[in-house]
Every structure is written in C-alpha cells, then in structure tokens.
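All ligand and atom numbering here is 1-based and tracks the order in the structure. We're numbering straight along the sequence, starting at 1. Keep in mind that what you see is a predicted model, and the values were worked out from it rather than measured.
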Amino acid sequence: MTKLLRMPSNPGQAVAHEIALGFDVERVRADFPILQTKIHGHNLVYLDNAATSQKPKAAIAAITRYYERDNANIHRGVHYLSERATAEFEAARKTVQMFLNALHPAEIVFVRGATEAINLVAQTYGRATVSAGDEVVITALEHHSNIVPWQMLCEEKGAMLRIVPINDDGDLILEELDRLLGPRTKIVAVSHVSNALGTVNAITDIVQRSHAKNIPVLIDGAQAAPRLTVDVQKLGCDFYAFSGHKAYGPTGIGILYGKSDLLEDMPPYQGGGDMIRSVTFEKTIYNKIPHKFEAGTPDMSGAVGLNAALKYLNRLGMDNIAAHEAELLAYATDAISRIPGIRVIGTAKEKAGVLSFVMEGVHPHDIGTILDQEGIAIRTGHHCAQPVMERFGVDATARVSLGLYNTKQEIDALVRGIHNIRKVFA
Ligand code: PLP
C-alpha cells in the first residue's frame, strides 16, 4: 500500500485552506460506496475513469444536503433559501477558481461539461473573430468535442481547420505547430491530456509559441483536471475546459475558464434569464461576466457536488493523486506490454492515466466483454477520437483508464484477465 505524504506543489491552491491529508489508497477506497459493488459475483475493478469517474461520499452527501436544506432558485430571490442557494453556488465558483488558480471567480463560467465549454468558445469568440479564409488550429490528438465545434465554425465561416500531426509515439510534432501558426490563425485548441492515448501535451510551450504570434489558446482539460495539478496562470492559456463528472463530481456540470478581458469582449452564448441586466423589446443589456454566459437556471446541485468533489481532491492533494496514478500507469504498462500479442497504442514521453492497447487476433470489444464477466470495467472502441485511431491504423482499442482509487491488485486482476483471454483465443 502506497502512503505518500506530500503537500500540493502550490499550497495557495489548497482549497479552503484544507491541508493535504496524505494518500492512503485503502482509506480513499472507503470513500467511494460504488467500489463495494459485486459485478457478476466479482469485486468491481473500475478502470473506465476517463469516461466518467466514481463519486466520493462527500460529493453525494453534499448534493443530498443541498436538496434537503438549501434548494431554491438562485440570484433572483430575496428570500432566505434563495440567498442560501446563491451563496452555495457562488462558493462552488470560488472553489473552482482556486482549483485552477484563476485570478478571479468571474473567470469561471458554469456549463454542462467540457463539450459545452468548447462549443461556447467556438460559438462566441469563434463566431466573432473567425472570417472567411481564417484558420483554426487543433491537433491530431483531439476528442471529437474539440474537433467538431471548430469544424462547424469553419464550415459556417468558410475558414480552414489546420491539424498539428502526431508521431508514432503519440507525441505532438511541435515544429509543425510553428509552421501552421500564421497571420490567419485565430485560435489554437488543444487537449491537455489525450483521452485515447494518455499523452500529456507540453501546454506551456504550446501557449508560448502561440502567444508569440498573438494567437489565443484553448485547452481541453477534460482528462487533466482529474489527475494533474492545473494552474491556468502558470500554463498561460486563455481558455480551459473541463467536466465535473470526470473529476469525481456529478454529471451535468462543467467549467469554462476564460481570461476576464476575453470573456468581457465575447458576445453572449445563449439568451435568457440571468444573463441580462435589463430587457426591453427594443434593447437588452447583458449581465457582467460570468453571468453573461449563464442563461437560465443553472445546475445548482451539480455545482454544490462539484464543490465537494474538488475539495475532496484538494484534501488528498493533486500531486499525490498524480503520483499514485503515475505509479499505477508504469506498473500496468510494464505488465501489459509483456503479454505476447499486445501492442500498446500511445507511447508518448509523458503520459497520464490512460493505457490503450490492441491484441493480435482479438477484437477490443471481445476483450472488454470478457473482462466484464470478471467484474473488470474497461472501455473499448474509438473513444470519440476516430482520427487518432486512423493515425494508428486501428478502428478501436481497449482502454484502461485509471482513477485515484485504483490499486496494483486491480491491475494484477486485469493482467490475469488479459492472459486468460489470450489463452482462449490462442
Ligand atoms: N475532451 C476530452 C479529452 C474527453 O476525454 C472528453 C470526454 O471523454 C471530452 C472532451 C468531453 O467531455 P464531456 O462529454 O464530459 O463534455
């Protein structure tokens, strides 16, 4: 059992001044009720964390508490419960601000998830700045969520989508980024961690190269926020998107961070209540940021649950979580690569949380289905990253994605399961 007692690298980020309690995976597992579930008579081994993570009691309890004690609509009421619900919602924004080390809570916009965050930027910043003949730069590593919104924008505007290629390891070829960044480039959108390969991209470097040409950068942090310390000021990025449900929070809530000067200048996203200061039939005056981007009743309980989840992560310490997952990833990669007939897809210099592979003569779906019989949950398919699959000449992979509660014993069970599959198909 690993027991690390390190403090977060940036103590200023420790939410609500909570002190990292250290990391004891068995104690951590007790915080996740679902991990006690038996699947087909076996202990659940949950290795599909990149799709969605399981929820700690603290987040589940916070949502229940919110509905039992605090629920009312926010921002509009003068009554006690409305004020209390508003305070809870805005407290969640403050926690996210500190989690990302953003300068100000107004830079945190609540959305449904990473997908909506990226669409918001494409539909507001993108529509306002991209014209015919302009270019949007993305990479060959992206999830469909960071491809399709830009493709739609380019189609609408007659602009061009340019793609930074990857090498055979799954690393971005950054010299190509330099070549692609030109006077017509209006934005660079890149993932922090690839959900299909686990590649950790050199974000600071990418931001510096882009900013040298005055081009803003959006980071899709869906896979980074749950497993790495994210400091948007250090990264220097202009936008950062992530989903609550992958970061041990509830579904239906996500975050768009944007630098305040950019958010101020952007047109609103959707129209409706809360995003306005005043409305007449002649003219609407929009609310200040971040409310300008939050039309309608938001997911209040989702924000409350996310608040509790992020505080939980901070109590464990993001550095401890990253170190735990790194140890498991190295252990799993070593064991799985030794199995005859296995090809690991994605061998980047820096990886986090994700191990994709294919097995000679066995379709990934069969691997997933057989492992499920032993209670082991992995994901198989194209992982919403079909261009990545195409680049590696496969139509699907089996993907193991780690969470903070996984153990070496679980990896051993997985490896035994894969050995058995090999025997059956040999
Ligand atoms: N970006 C990456 C890298 C992802 O892995 C995912 C989901 O798997 C998304 C974006 C989309 O996240 P959501 O479906 O929560 O909006």
Side-chain angles (χ1 to χ4, degrees), residues 46-55 59 96 100 109-123 138-152 163-164 166 170 172 188-201 203 206 217-228 230 235 237 239-257 269 298-299 302-303 305-306 309-310 325 345-346 348 350-356 377-389 391 396-403:
Y46 188 77
L47 294 168
D48 192 17
N49 294 284
T52 198
S53 56
Q54 302 302 346
K55 317 306 171 199
V96 177
L100 295 178
V109 180
F110 283 115
V111 287
R112 278 192 301 132
T115 302
E116 187 172 40
I118 298 166
N119 275 279
L120 188 159
V121 177
Q123 291 300 312
I138 61 168
T139 86
L141 274 179
E142 301 312 312
H143 186 279
H144 296 163
S145 301
N146 202 26
I147 301 174
V148 184
W150 305 113
Q151 224 164 25
M152 289 163 71
I163 318 294
V164 183
I166 50 176
L172 287 176
V188 172
V190 56
S191 51
H192 195 165
V193 173
S194 151
N195 71 305
L197 305 180
T199 307
V200 180
N201 288 319
I203 298 303
I206 292 169
V217 182
L218 173 141
I219 307 299
D220 171 0
Q223 296 301 341
R227 46 182 61 87
L228 302 177
V230 177
L235 294 173
C237 58
F239 300 104
Y240 197 96
F242 78 93
S243 296
H245 71 96
K246 294 184 198 283
Y248 306 93
T251 49
I253 189 87
I255 298 301
L256 172 67
Y257 156 81
Y269 175 44
D299 184 354
L306 181 61
L310 297 184
E325 283 195 17
I345 307 282
E350 206 184 327
K351 286 185 62 173
V354 170
L355 174 56
S356 263
I378 66 160
R379 177 139 303 221
T380 62
H382 55 58
H383 318 295
C384 295
Q386 282 183 314
V388 176
M389 300 297 114
R391 171 65 178 76
T397 72
R399 182 187 73 181
V400 172
S401 57
L402 302 168

Could you tell me the separation between the NE2 atom of His383 and the CZ atom of Arg399, rounded to the nearest 0.5 Å? 5.5 Å
Results of ring-ring contact (aromatic ring centres under 6.0 Å, His included) for Tyr257 - residues two or more places apart only: none
What is the distance from atom CD1 of Ile206 to atom CG of Leu235, rounded to the nearest 0.5 Å? 10.5 Å
Need the list: ligand 1 N/O atoms against protein N/O atoms, distance under 3.5 Å, rounded to one decimal.
residue	atom	partner	partner atom	Å
ligand 1	1 (N)	Asp220	OD1	3.2
ligand 1	1 (N)	Asp220	OD2	2.5
ligand 1	5 (O)	Gln223	NE2	2.7
ligand 1	8 (O)	His143	NE2	3.3
ligand 1	8 (O)	Lys246	NZ	2.6
ligand 1	15 (O)	Ser243	OG	2.6
ligand 1	15 (O)	His245	NE2	2.7
ligand 1	16 (O)	Ala114	N	3.4
ligand 1	16 (O)	Thr115	N	2.9
ligand 1	16 (O)	Thr115	OG1	2.5

The reported gap from CZ in Arg379 to CG in Leu47 (rounded to nearest 0.5 angstrom) is 12.5 Å
What distance do Lys55 atom NZ and Thr251 atom OG1 have between them, rounded to the nearest 0.5 Å? 7.0 Å
For atom CZ of Arg112, is the number of surrounding heavy atoms from other residues, nucleotides or ligands below 6.0 Å larger than 12? no
